[in-house]
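Both counts, for ligands and for their atoms, begin at 1 and track the order of listing.
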Amino acid sequence: MNSILNADLHCHSVVSDGTLTPEALAERASANGVELWALTDHDEIGGQARARAAALDCGMRYLNGVEISVTFLHQTVHIIGLGFDADNENLQQGLRATRGGRSQRAKDMAKDLERVGIKNAFEGALQYAGNPDLVSRTHFARHLVETGVCKETNEVFRKYLTEGKPGYVEHRWASLKDAVGWITGAGGMAVIAHPARYRFTANEEFALFTEFKGHGGRGVEVVTGSHSAAEYITYAGAVKDYGLAASRGSDFHSPLESHTELGTLPYLPGAVTPVWELLAERIH
Ligand code: AMP
Ligand code: MN
Ligand code: MN
Ligand code: MN
């Protein structure tokens, strides 16, 4: 295996904040030529068995996946786990704890929105959550679009759901050390998701990469739906400098909302070590 592989190792189903089932995603990925696939729902691995079965049915290879919410230097950072044993109790317990605060956070968000005249947003968001344990800002965004408060989900995030806006609630997620530890302890590989999306200074990003590596993290997303072409090049250079492997994933959520389709991003640049080269034994 080398960098020329249609691997899509980042996307979401109804088990978190995507709109398609694991089976529909598998079919869509396969139709787009994906050869190696991972479903990476937020803080939840309840969709893995279905995703794996559907992937194999479609003739794709599969890696177990998850995207864990982490708080690092007062920002939310996402850590992807790949190729772990989904039966690992410590990982399951860690994810349960990470999900635990979501319902209260969602109620607090709804209270905040009420102060600007938006009523019953918690009940509204819950209607969009395929998994009631996993209410996310995306579900609020869909509800506020459906009820005509905003035209599209991007606008909801801009006006209501981001730092400093009514409806944004500060939340403490897992620590970087714990998230990387849960993944690697379950035999998987930890990967920093969409690094260009964070608003870290150069020094803070250095701290993220070096601490991540110190905890046993081994990969970084280089080609992702959240990066520009210039950022592919920046982070291809960064993974080489830090001695980390490179990953590729669309971060697809929904046919209507996502600008990046499953399996349609450029290949990884040739000079990097792809994560799948280090995960060969975990791919089924
Ligand atoms: P949460 O985990 O509840 O904080 O929700 C985070 C999710 O919100 C991300 O995984 C994205 O799916 C979505 N999201 C974050 N920012 C935006 C944005 N600007 N536009 C659309 N969706 C966003
Ligand atoms: Mn999401
Ligand atoms: Mn993410
Ligand atoms: Mn994601």
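In this structure, a donor-acceptor pair under 3.5 Å is absent between the side chains of R172 and T71. Of the N and O atoms on the side chains of E221 and Y235, not one donor lies less than 3.5 Å from an acceptor on the other residue. At a cut-off of 3.5 Å, with distance as the only test, a side-chain donor of Q104 or D108 sits close to an acceptor on the other residue.
Contacts with ligand 1 closer than 4.0 Å are made by no heavy atom of H139, backbone or side chain. Contacts of H171 with ligand 1, taken as heavy-atom pairs under 4.0 Å, are absent altogether. Contacts of E67 with ligand 1, taken as heavy-atom pairs under 4.0 Å, are absent altogether.
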ask   = Would R99 and E44 count as a salt bridge (Lys or Arg N to Asp or Glu O under 4.0 Å) if you check the C-alpha gap in whole Å, the side-chain angles of each, and the deciding distance to 0.1 Å?
value = CA-CA 8 Å; R99 285 195 299 275; E44 167 71 91; 3.7 Å; yes

request  = Test D112 against R115 for salt bridge (Lys or Arg N to Asp or Glu O under 4.0 Å), laying out the working first.
outcome  = CA-CA 5 Å; D112 227 31; R115 291 195 285 146; 2.2 Å; yes

request  = Please test R142 against E146 for salt bridge (Lys or Arg N to Asp or Glu O under 4.0 Å), starting from the C-alpha separation and ending with a verdict.
outcome  = CA-CA 6 Å; R142 289 186 187 134; E146 193 54 39; over 6 Å; no

Derivation of the side chain to side chain donor-acceptor pair (under 3.5 Å) call for D8 and S250 = CA-CA 6 Å; D8 195 324; S250 59; 2.8 Å; yes

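Of the candidates R282, H284, Q48, Y62 forms a side chain to side chain donor-acceptor pair (under 3.5 Å) with just one, namely Q48. Tested against R102 for a salt bridge (charged side-chain N to carboxylate O under 4.0 Å, His left out), the candidates D133, D43, D17 yield a single pass: D43. Partner L20 forms a side-chain contact (heavy atoms from CB on, under 4.5 Å) with one of R28, H253, E27, H12 and no other, that one being R28.
Ligand-side atoms of ligand 1 in range of T138: 7 (C), 8 (O), 12 (O), 13 (C), range being under 4.0 angstrom from any heavy atom. For ligand 1, the atoms lying closer than 4.0 Å to a non-hydrogen atom of R105 are 1 (P), 3 (O), 4 (O). Counting the atoms of ligand 1 from 1 in the order shown, those under 4.0 Å from a heavy atom of H42 are 10 (O). In the vicinity of D17, heavy-atom distances shorter than 4.0 Å reach the ligand 1 atoms 7 (C), 10 (O), 12 (O).
The Mn ion (ligand 2) lies at 2.8 Å or more from every N, O or S atom belonging to H12. Taking 2.8 Å as the criterion, H10 counts as a coordinating residue of the Mn ion (ligand 4), since one of its N, O or S atoms falls below it.
Angle OD2(D17) to the Mn ion (ligand 2) to NE2(H42), rounded to 10°: 100°.
Sorting the N, O or S atoms of E67 by how far they are from the Mn ion (ligand 4) puts OE1 first. In terms of distance to the Mn ion (ligand 4), the nearest N, O or S atom of D251 is named OD1.
Closest to atom 20 (N) of ligand 1 among all protein heavy atoms lies N154 OD1, 2.9 Å. The protein atom (non-hydrogen) at minimum distance from atom 6 (C) of ligand 1 is R137 NH2, 3.7 Å. Of the protein's heavy atoms, F157 CE1, 3.1 Å lies nearest to atom 22 (N) of ligand 1. Among protein heavy atoms, atom 12 (O) of ligand 1 sits closest to H253 NE2, 2.9 Å.
Proximity of R102 to ligand 1 is established by a heavy-atom distance of less than 4.0 Å.
The line from CG of L144 to NZ of K159 is 11.0 Å long, rounded to the nearest 0.5 Å.
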